[in-house]
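Throughout, a chain's letter reflects where its sequence line sits, starting with A, and its residues are numbered from 1.
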Number of protein chains: 2
Amino acid sequence: MSAKITMDATDRQILRILREEARIPIVDLALRVGLSPTPCNRRLRKLEDSGLIAGYGARIDPAVAGFGITAFVSVELERQQSDELTRFQHKVAQFEEVVTGSLMTGTQDFLLEVAVESLEDFENFLQSRLLRLPGIRAVRSRFALRKFIDRARLP
Amino acid sequence: MSAKITMDATDRQILRILREEARIPIVDLALRVGLSPTPCNRRLRKLEDSGLIAGYGARIDPAVAGFGITAFVSVELERQQSDELTRFQHKVAQFEEVVTGSLMTGTQDFLLEVAVESLEDFENFLQSRLLRLPGIRAVRSRFALRKFIDRARLP
DNA sequence: CGTGAAACTAACCACCC
DNA sequence: GGGTGGTTAGTTTCACG
């Protein structure tokens with residue numbers, strides 16, 4: 001795990017392919033980057049061992065899953081002490097509706113990305129879940145029409 | 001592709017596992033959900049064919065990749081005509097710094113998530129790239145300390 | 001970095017209950 | 001819908017150029 005790696009153009013190409021098709025066989029991957037399987041596999045292991053590739057995950061289509069609506073919700077707490085922030089994070093992670101959550105600098109509020117089926121579900125999430133958490137000072141919601149980019153940045 | 005599927009608890013369990021470990025062998029997956037490989041594989045294909053599983057991707061650790069700073073940038077354009085919005089999306093997708101981009105409802109502005117190495121890089125991105133695009137009315141940036149949730153929502 | 005071979009593992013399919 | 005077994009395909013490791 002975790003070492004400084006020297007990446008060349010081939011490594012970057014491997015990453016680019018794997019970001020989209022994580023289940024491609026090594027032989028195919030090797031063909032596409034112009035190597036033979038063995039050195040290609042060696043590079044892949046290097047990328048995995050370095051921690052750059054942290055794992056592989058299935059891409060689940062939110063639209064097919066029935067969650068066509070994405071809302072971004074800013075939440076400011078009344079107190080920004082470290083333990084309060086941590087507690088809020090743990091609580092919010094329990095809500096399956098929340099797909100991303102970031103702690104922001106400055107006033108140390110939270111930016112949550114919420115996936116729901118309908119506006120009714122969103123209202124329900126707000127009233128029955130989020131706003132029931134203690135210590136919330138302010139909440140502001142905005143809705144996304146569509147996400148037109150969603151990817152990782154490569155070195 | 002794309003059909004309404006009847007999901008049971010086992011299917012959901014498969015999704016939950018695959019969301020984290022997309023490269024798990026079918027035999028192991030089958031063991032963990034309490035099936036034998038064949039029916040487990042059938043369920044998996046069903047999930048893939050329905051489009052619920054849109055693909056598999058490598059998780060690339062932004063910190064290891066050197067992009068420790070995430071900024072959320074709101075961009076409002078001077079005009080919100082459909083072709084202007086589309087053009088902006090295409091331009092913004094060229095910027096490798098932009099990892100997610102959403103078109104928002106209401107004033108139809110954009111919310112971009114930008115991954116950079118340093119604050120200098122961010123300034124550079126703003127001045128040399130984003131603000132050079134024509135027709136931008138307003139930009140507002142906020143920085144994330146850390147992302148504490150990042151996942152897909154499951155049915 | 002590339003080749004080829006051996007041992008192993010996984011995916012797939014036809015067929016069964 | 002779930003299970004078995006055999007075939008095909010993919011992966012890993014290694015010695016060597």
How many angstroms lie between atom [atom1] of [X] and atom [atom2] of [Y], to the nearest 0.5 angstrom?
| X | Y | atom1 | atom2 | value |
| --- | --- | --- | --- | --- |
| R45(A) | I26(A) | CZ | CD1 | 9.0 Å |
| L29(B) | I24(B) | CG | CD1 | 5.0 Å |
| I149(B) | R151(B) | CD1 | CZ | 5.0 Å |
| L112(B) | F95(B) | CG | CZ | 9.5 Å |

Mind listing the residues from residues 9-21 of chain B sitting with a heavy atom below 4.0 Å of DNA chain C? Number order is fine.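 Contacts with DNA chain C under 4.0 Å: none.
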Can you pull out every salt bridge (charged side-chain N to carboxylate O under 4.0 Å, His left out) where at least one residue sits in residues 103-119 of chain B? Sequence neighbours excluded, please. R142(A)-D109(B), E113(B)-K147(B)
Which residue pairs pass the salt bridge (charged side-chain N to carboxylate O under 4.0 Å, His left out) test with at least one member in residues 27-42 of chain A, sequence neighbours excluded?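 Salt bridge (charged side-chain N to carboxylate O under 4.0 Å, His left out) check on residues 27-42 of chain A returns E21(A)-R32(A).
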In this structure, how many angstroms lie between the [atom2] atom of [N] and the [atom1] atom of [X], rounded?
| X | N | atom1 | atom2 | value |
| --- | --- | --- | --- | --- |
| L29(B) | dC12(C) | CG | P | 13 Å |
| R43(B) | dA11(C) | CZ | C1' | 18 Å |
| L35(B) | dA10(C) | CG | P | 17 Å |

Contacts satisfying side-chain hydrogen bond (donor to acceptor under 3.5 Å, both in side chains) that involve residues 76-88 of chain B (not counting sequence neighbours) are E76(B)-R137(B)
Any donor and acceptor pair, going by atom type alone, linking the side chain of S74(B) with main-chain N or O of L111(B) inside 3.5 Å? no
Any donor-acceptor N/O pair, N41(A) side chain to T38(A) backbone, under 3.5 Å: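 It does not hold such a pair.
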Using a strict cut-off of less than 4.0 Å between a Lys/Arg side-chain nitrogen and an Asp/Glu carboxylate oxygen, indicate whether D150(A) and R59(A) qualify as a salt bridge. no
Please enumerate all protein N or O atoms sitting under 3.5 Å from an N or O of nucleotides 11-14 of chain D, with distances to 0.1 Å.
from    : atom 1 : to     : atom 2 : distance (Å)
dT11(D) : OP1    : I26(A) : N      : 3.4
dT11(D) : OP2    : I26(A) : N      : 3.1
dT12(D) : OP2    : N41(A) : ND2    : 2.8

Would you mind reading off the bend of the helix from dC1(C)-dG17(D) to dC17(C)-dG1(D) from its two end axes, five pairs each, to 10 degrees?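 Its terminal axes enclose an angle near 30°.
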